[in-house]
Enquirer: 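Quick one: the structure is below, questions incoming.
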Amino acid sequence: MGSWRKGLSILKTWFTMVTFGYYPCTSLIRGFCRIGKTKKATRVMEILEESGAVPDVITYNVLISGYCKSGEIHNALKVLDRMSVAPDVVTYNTILRTLCDSGKLKQAMEVLDQQLQKECYPDVITYTILIEATCKESGVAQAMKLLDEMRTKGCKPDVVTYNVLINGICKEGRLDEAIKFLNYMPSYGCQPNVITHNIILRSMCSTGRWMDAEKLLSEMLRKGCSPSVVTFNILINFLCRKGLLGRAIDILEKMPKHGCTPNSLSYNPLLHGFCKEKKMDRAIEYLEIMVSRGCYPDIVTYNTLLTALCKDGKVDIAVEILNQLSSKGCSPVLITYNTVIDGLSKMGKTERAMQLLFEMRERGLKPDIITYSSLVGGLSREGKVEEAIKFFKDLEGSGIRPNAITYNSIMLGLCKARQTDRAIDFLVYMVSKGCKPTESTYTILIEGLAYEGFTKEALDLLNELCSRGVVKKSSAEQVVVRF
DNA sequence: ATAGGGTTAG
């Protein structure tokens, strides 16, 4: 028996016991919405309305929110139009949030107009939602106009409003302005919080301003603004990218002193850093440390380790780990399969890689162009260029659009098979399909020519492409060395 | 209603 049937039978009981009450119905609607059964929720609402009861605004809000969560904006708007009581600010905020999240700012502004006409006054949340979307779609300058509007209407911006704006300013690459804004906040009657600082900190790190980041962190501590796990993760991530793993570890180990427990986002960049330095033993050491502290590896941890294993030639171990992932409560994702498929393809085990392609499809994972490019590359490298081309054609037939990397792999295969003429035909085909050749495309073809003995032609072409700026001088030198 | 989401192909 389906759970909704059980729900409806409970509803009938309620109707006999509680005469036309709507409170139990709200719970029922909420329950159906939570499990995505919006149709059943709507049916409950209809029964309630038909019974002669007047549902209150909360019941309507629950249903509207359910529609929004299942992506049925159209139905949410339909309920808004037809509801038998006046919508409140929560109703509008729910709908505006969903419209903004799906990039429909224009429609959101129309709903705001409708809201104002009905004299339902927008609150700080309403404006913050719209300011955030405006930052993303039209830029901060436009969003500032909304800030002015909310102030003139007597609605006071709060820390979230300012955070949204500061984030927008940072994303527009104007970090110094964002810092000014942060410093002005107290004079607007609003204290910056940890999120404000994290936004600025992240921007400082991603623009390489490490000294400023360190200064801001100590300022936070001095002002009594406690850092969060995110604060530390921002710093760890930056240090690991710079290869400063020792300093990253220092920060990670200091986190508990500040009341923060490192999570997988704290450990993963460190593992990645060790793997990049080919220090697998240290990566494993930190894996063990994180587990011993109760922080379990997530799929990104596994993907990082699988990548390192494949690069290290230990692809069989990678396959073994992939097989065991599900039993460890961590389901492989597209990137997991791509990693192992690529590893197998590079080791000349394309057949096994193909098996994984079918396995991932069976699991409901949709291969992407990276999956296919790895397989095309594997077939080409194994000298099975005809098979590679057939696979390529099948892809095109099923609506997958190959990119430059896919084309380059085929061309490389053809050149290695001393069929540079066919590779050139393929270049023509690539261009006709609207795919722009890359520097690699040209160097593959030039090396193909040289390989077949047309050294002079290859050099001439190389010079020609160099003078046209299509191939960089440094790349050209590398090509000549390989002749 | 705001910040960290890291990991894959030539």
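Labels below follow one simple rule: chain letters A, B, ... track the order of the sequence lines, proteins then strands, and each chain is numbered from 1.
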Enquirer: Which part of the nucleic acid, if any, lies within reach of N408(A) when heavy atoms closer than 4.0 Å are counted: base, sugar-phosphate only, or nothing?
Expert: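 Answer is base: heavy atoms of N408(A) come under 4.0 Å of a base.
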Enquirer: Considering every strand and a 4.0 Å limit on heavy-atom distances, what is the contact class for K346(A): base, sugar-phosphate, or nothing?
Expert: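 The answer is sugar-phosphate, as K346(A) gets under 4.0 Å only of primed atoms, P, OP1 or OP2.
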Enquirer: Is it true that S228(A) and T231(A) share a donor-acceptor pair across their side chains at a distance under 3.5 Å?
Expert: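 A donor-acceptor contact under 3.5 Å links the two side chains.
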Enquirer: Between which nucleotides of DNA chain B, read 5' to 3', does contact with chain A run, using atoms under 4.0 Å from its heavy atoms?
Expert: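 In short, chain A contacts DNA chain B from dA1(B) to dG10(B).
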Enquirer: Ignoring hydrogens and angles, write down the donor-acceptor pairs under 3.5 Å from the side chains of residues 242-253 of chain A, residues two or more places apart or on other chains.
Expert:
from    : atom 1 : to      : atom 2 : distance (Å)
R247(A) : NH2    : E214(A) : OE2    : 3.1
E253(A) : OE1    : R293(A) : NH2    : 2.9
E253(A) : OE2    : Y286(A) : OH     : 3.2
E253(A) : OE2    : R293(A) : NH2    : 3.3

Enquirer: Please check this pair: side chain of S380(A) against backbone of S409(A), looking for a donor-acceptor N/O pair closer than 3.5 Å.
Expert: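 Answer holds: yes.
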Enquirer: Give a yes-or-no answer on whether the side chains of D101(A) and T98(A) include a donor-acceptor pair shorter than 3.5 Å.
Expert: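 Judged by distance alone, the side chains do not pair up.
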Enquirer: Got a sec, which residues hit side-chain hydrogen bond (donor to acceptor under 3.5 Å, both in side chains) with R151(A), two or more places apart in sequence or on another chain?
Expert: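 If we apply the side-chain hydrogen bond (donor to acceptor under 3.5 Å, both in side chains) test to R151(A), skipping adjacent residues, the hits are Y162(A).
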Enquirer: For the pair E387(A) and K390(A), find out whether any cationic side-chain nitrogen is under 4.0 Å from an anionic carboxylate oxygen.
Expert: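 Judged by the 4.0 Å cut-off on N to carboxylate O distance, E387(A) and K390(A) do not form a salt bridge.
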Enquirer: NA contact type, V229(A), heavy-atom cut-off 4.0 Å: base, sugar-phosphate, or nothing?
Expert: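 If one applies the 4.0 Å heavy-atom cut-off, V229(A) turns out to touch a base.
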Enquirer: Considering only heavy atoms, which members of residues 191-210 of chain A lie under 4.0 Å from some atom of DNA chain B?
Expert: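 The answer is I195(A), N198(A), I199(A), R202(A).
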Enquirer: Would you indicate whether the side-chain heavy atoms of Q191(A) and P186(A) approach each other to under 4.5 Å?
Expert: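 Answer yes - side chains close enough.
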Enquirer: How is N237(A) classified with respect to the nucleic acid when contacts are heavy atoms under 4.0 Å: base, sugar-phosphate, or nothing?
Expert: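 Sugar-phosphate only.
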Enquirer: By the 4.0 Å heavy-atom rule, please label T406(A) as base, sugar-phosphate, or nothing.
Expert: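 Nothing, no heavy atom under 4.0 Å.
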Enquirer: What is the nucleic acid contact for T438(A), judged by heavy atoms within less than 4.0 Å: base, sugar-phosphate only, or nothing?
Expert: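 If one applies the 4.0 Å heavy-atom cut-off, T438(A) turns out to touch a base.
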Enquirer: For K215(A), enumerate each residue passing the side-chain hydrogen bond (donor to acceptor under 3.5 Å, both in side chains) test, keeping only those at least two apart in sequence or located in another chain.
Expert: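 Checked K215(A) against side-chain hydrogen bond (donor to acceptor under 3.5 Å, both in side chains); zero matches.
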Enquirer: Contact class for D368(A) (heavy atom, under 4.0 Å): base, sugar-phosphate, or nothing?
Expert: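 Nothing: the residue D368(A), judged by heavy atoms under 4.0 Å, touches no strand.
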Enquirer: Does N263(A) reach a base, just sugar-phosphate, or nothing at all? Heavy atoms under 4.0 Å.
Expert: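 It contacts base atoms.
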Enquirer: Using the ring pair (Phe, Tyr, Trp, His ring centres under 6.0 Å) rule, collect all pairs that involve residues 241-281 of chain A, keeping only residues at least two apart or in two chains.
Expert: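 Matches after skipping sequence neighbours: F232(A)-H258(A).
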Enquirer: Just checking N93(A): base, sugar-phosphate only, or nothing, at a heavy-atom cut-off of under 4.0 Å?
Expert: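 If one applies the 4.0 Å heavy-atom cut-off, N93(A) turns out to touch nothing in the nucleic acid.
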